[in-house]
Asks: 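Below are the structure tokens for one structure; questions will follow.
In what follows, chains carry the letters A, B, and so on, assigned in the order in which the sequence lines appear, proteins first and then strands, with residues in each chain numbered from 1.
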Protein chains: 2
Amino acid sequence: MRDVALLARVSNKTVSNVVNAHPHVHPATRARVQQAIDELGYRPNLSARGLRSGRTGVIGLAVPELRQPYFAELADAVIAAAEARNLSVILGQAGADRAHEMNVLAHGLRQTDGLLFSPERLGTEDRDLLHDVEYPLVMLGERIFGGPTDHVTMHNVAGARAAVEHLLGLGRRRIAVVGAHPDHRTGQLRPSDLRVQGYREALVAAGLPLDAGLERAVAPWHPENGADATRELLASGVEFDGIFALNDTLGIGILRALGEAGCRVPDDVAVIGFDNIANGQFTLPSLSSVDPGREEIAETAVAMLVERIESGTRTPQTPRLHKAAFHIVARESTGGSGRRA
Amino acid sequence: MRDVALLARVSNKTVSNVVNAHPHVHPATRARVQQAIDELGYRPNLSARGLRSGRTGVIGLAVPELRQPYFAELADAVIAAAEARNLSVILGQAGADRAHEMNVLAHGLRQTDGLLFSPERLGTEDRDLLHDVEYPLVMLGERIFGGPTDHVTMHNVAGARAAVEHLLGLGRRRIAVVGAHPDHRTGQLRPSDLRVQGYREALVAAGLPLDAGLERAVAPWHPENGADATRELLASGVEFDGIFALNDTLGIGILRALGEAGCRVPDDVAVIGFDNIANGQFTLPSLSSVDPGREEIAETAVAMLVERIESGTRTPQTPRLHKAAFHIVARESTGGSGRRA
DNA sequence: CCGCCGCCGGTCATCGTTGTAGAGTGCGCC
DNA sequence: GGCGCACTCTACAACGATGACCGGCGGCGG
């Protein structure tokens with residue numbers, strides 16, 4: 001910077017003002033400085049800027065595991081949204097480990113101005129931990145509701161209800177749900193409970209009975225577990241002509257188990273999932289799903305975090321809860337058009 | 001730090017020495033300082049440390065897109081390997097955009113000590129760009145060979161050859177390959193060309209003829225394109241009893257197209273892919289694959305980068321090329337045991 | 001008993017940038 | 001014609017940590 005200043009015959013600070021697009025710099029001076037910058041290939045030292053200004057220009061994103069497609073796609077969207085604001089993203093994996101998540105929460109990720117945090121092991125019962133957080137924080141996902149921070153999530157109940165209504169619209173009347181929490185309680189705010197709630201609402205609204213034999217508990221949501229639950233469902237002798245998978249990963253396992261058993265999809269059984277991961281486009285048959293608005297979630301979360309960072313308030317006066325718009329993607333597993341979404 | 005120093009009745013520098021595990025600090029002093037640190041909840045300011053020491057403790061990882069499962073899993077492994085060394089990872093997506101990749105390469109990712117770069121649009125023809133790089137750089141992937149930097153990649157030829165030998169071992173004799181580059185040339189170093197080379201070597205070694213009708217070009221490697229190529233293969237009337245998919249993403253599309261056409265896998269056609277992405281475990285049938293040693297790639301790449309960073313040499317005296325060990329994972333699509341890998 | 005060396009800790013300057021305070025200039029307005 | 005203000009730029013002092021260098025102290029070999 002010193003060299004640039006000497007070459008352009010201005011002070012250090014004027015170079016800084018040019019770099020930071022400060023308003024009151026004479027156009028001629030600005031041009032001279034800019035030329036010197038280009039000539040010398042000067043790039044500001046971000047550590048020094050971070051030290052002086054207290055901002056690093058980096059935000060953290062903590063997810064359980066990047067190998068889960070949902071989180072990889074979320075990270076993809078968050079990085080894109082951050083880049084549009086000229087921010088970098090440091091990624092942390094908490095590995096679905098409670099101690100690790102508490103540690104991340106206690107200090108944020110190193111070197112960052114704020115954190116987007118999607119916990120897996122921490123739940124609403126740990127909500128109070130969020131009060132102690134001393135940095136800008138926006139929560140993602142379904143694990144913790146009602147905390148003191150901004151929160152961006154999806155329409156679990158309404159999305160699930162729409163998914164089931166989609167099956168009902170195809171004339172299905174015996175609809176199973178796979179992925180309920182082993183100890184389901186309607187009052188809970190876990191995504192599984194919310195989605196089960198949406199499932200029930202849809203049935204009730206259609207005047208259909210609730211049948212406990214159609215609600216299958218699965219934990220965790222892995223394809224093999226979805227497949228196992230489907231095999232049990234088939235073995236139980238309960239009749240069904242539709243399955244609502246509480247997420248696509250389960251749905252992939254379900255399609256697999258149905259295929260093995262010789263069930264035709266969607267003819268015998270229609271299947272719809274939740275999350276709209278890229279992969280659902282390429283199963284056989286392709287998997288219908290609820291698109292939870294991932295881009296909107298990423299965009300909104302980054303925007304809220306930036307707002308907190310810039311306002312300097314750790315905790316919002318009134319915490320905001322944003323639920324992204326969802327929509328149904330009808331693919332082959334519910335008789336949709338198939339090939340492309 | 002000043003406060004800690006006052007509380008522990010030592011100098012600023014001694015606190016620094018304790019924090020950095022400097023050897024010559026008296027145990028009693030160290031304990032006193034540590035207690036003061038705990039009491040005050042002191043955490044070093046990493047921007048200041050970065051400014052003074054010239055190191056940020058952050059490395060960059062640039063990949064085309066995180067939504068591609070291979071890169072998500074690679075990033076997962078890299079982050080884990082970095083964390084083990086107490087480093088953070090900033091993730092950049094170059095979006096399979098040539099200009100964007102050149103830009104990343106020119107300056108690295110902001111705020112980082114070095115870069116792991118897996119390009120998609122830059123190729124061996126751009127190798128000279130690497131000479132101008134002024135920061136520690138380790139290349140990943142198959143796009144650029146023979147550059148001046150360390151390079152970590154997989155055994156494309158040998159892995160492909162082993163995949164085809166696996167099919168040959170099942171008694172298959174008419175083996176197709178899907179995913180060749182539209183203008184395949186043996187001399188090229190693209191992954192598609194290398195894998196095709198391995199395919200041919202295996203056939204030749206087994207005394208089988210090469211049949212141009214069995215080599216299907218596909219670009220880019222997306223499931224739908226793999227499915228299209230398979231439909232064309234079926235329509236062409238060429239006989240085949242095995243398919244080697246140049247990656248798993250193609251393989252998923254291939255399984256889909258074979259299923260649609262009523263081909264039984266592996267009975268009529270055995271299929272094997274490449275990359276061993278998590279998802280291949282859950283297709284129907286599950287997809288055999290070549291595991292390219294992703295963990296080893298991540299671990300080695302991070303280790304090499306750290307070495308470069310610590311030695312302060314941008315460009316190695318002799319660039320190293322590390323190819324990770326691979327192995328065949330036999331799942332249902334080649335009559336393997338199936339359920340779990 | 002002297003001098004050297006290893007240990008332990010302190011002082012000072014500095015990394016590159018930006019906020020603050022303020023100087024100088026030109027212009028419009030009463 | 002004087003006053004105030006908006007504009008443009010500068011000098012200086014931090015931000016928080018660490019590297020270079022120095023000094024005292026105790027032990028040990030000659």
Asks: Fit a plane to each ring of H151(A) and F145(A), take the angle between them on a 0 to 90° scale, and name the class: parallel (under 30°), tilted (30 to 60°) or perpendicular (over 60°).
Replies: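 Taking F145(A) first and then H151(A), their aromatic rings sit tilted (interplane angle of 30° to 60°).
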Asks: Hey, does the side chain of S16(B) come within less than 4.0 Å of dT18(D)'s phosphate (OP1/OP2), counting only N and O?
Replies: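 Result: yes.
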Asks: Between N20(A) (CG) and dG19(C) (P), how many Å, whole number?
Replies: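 Rounded to whole Å, this separation is 7 Å.
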Asks: Rounded to whole angstroms, how far apart are NZ on K13(B) and C1' on dC21(D)?
Replies: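 Roughly 10 Å, once rounded to whole Å.
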Asks: In this structure, how many angstroms lie between the P atom of dT17(C) and the CZ atom of R43(A), rounded?
Replies: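 Nearest whole value for this atom pair: 12 Å.
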Asks: Measure NE2/H22(B) against C1'/dC21(D) and give the value in whole Å, please.
Replies: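 Distance check: H22(B) NE2 to dC21(D) C1' gives 13 Å.
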Asks: Would you call F117(A) and L137(A) a side-chain contact if the rule is heavy atoms closer than 4.5 Å?
Replies: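 F117(A) reaches L137(A) side chain to side chain.
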Asks: May I ask you to say whether R320(A) pairs ionically with D150(A), meaning some side-chain N is under 4.0 Å from a carboxylate O?
Replies: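 Judged by the 4.0 Å cut-off on N to carboxylate O distance, R320(A) and D150(A) do form a salt bridge.
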Asks: Would you call R98(A)-D126(A) a salt bridge at under 4.0 Å N-O?
Replies: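 Here R98(A) pairs with D126(A) in a salt bridge, since their nearest N and O are under 4.0 Å apart.
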Asks: Assess whether one donor atom and one acceptor atom, taken from the side chain of R52(B) and the base of dT18(D), lie less than 3.5 Å apart.
Replies: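 Per atom types, the contact qualifies.
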Asks: Measuring from the side chain of N45(A) (C-beta onward, heavy atoms only), which nucleotide among dG19(C), dG16(C), dA17(D) has the closest atom?
Replies: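 Shortest atom-to-atom distance from the side chain points to dG16(C).
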Asks: Which atom pairs link the protein and nucleotides 4-9 of chain C when you take only N or O atoms and keep those under 3.5 Å?
Replies:
unit_1	atom_1	unit_2	atom_2	d
dG9(C)	OP1	T29(B)	OG1	2.1
dG9(C)	OP2	H26(B)	N	2.8

Asks: Are R121(A) and E101(A) within salt-bridge range, i.e. N to O under 4.0 Å?
Replies: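 Judged by the 4.0 Å cut-off on N to carboxylate O distance, R121(A) and E101(A) do not form a salt bridge.
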Asks: Select one nucleotide: of dG19(D), dG16(D), dA17(D), the one nearest the side-chain heavy atoms of L51(B).
Replies: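 Among the listed nucleotides, the one closest to the side chain of L51(B) is dG16(D).
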Asks: Round to a whole Å and report the spacing from CE of M1(A) to P of dC15(C).
Replies: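 Rounded to whole Å, this separation is 14 Å.
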Asks: Indicate whether any N or O donor in one side chain lies under 3.5 Å from an N or O acceptor in the other, for H322(B) and E296(B).
Replies: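 Yes, E296(B) and H322(B) have a side-chain donor paired with an acceptor closer than 3.5 Å.
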Asks: Give a yes or no on whether a donor-acceptor pair under 3.5 Å exists between the nucleobase atoms of dT18(D), that is its base, and the side chain of R49(B).
Replies: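 No.
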Asks: Measure the distance from CG on D3(A) to P on dT17(C) and round it to the nearest whole Å.
Replies: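 In whole Å, dT17(C) P and D3(A) CG are 10 Å from each other.
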Asks: In whole angstrom, give the distance that lies between atom CG of N12(B) and atom C1' of dC15(D).
Replies: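 After rounding, the gap between these two atoms is 13 Å.
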Asks: Less than 4.0 Å between a side-chain N and a carboxylate O, is that true for R67(B) and E295(A)?
Replies: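 R67(B) and E295(A): salt-bridged.
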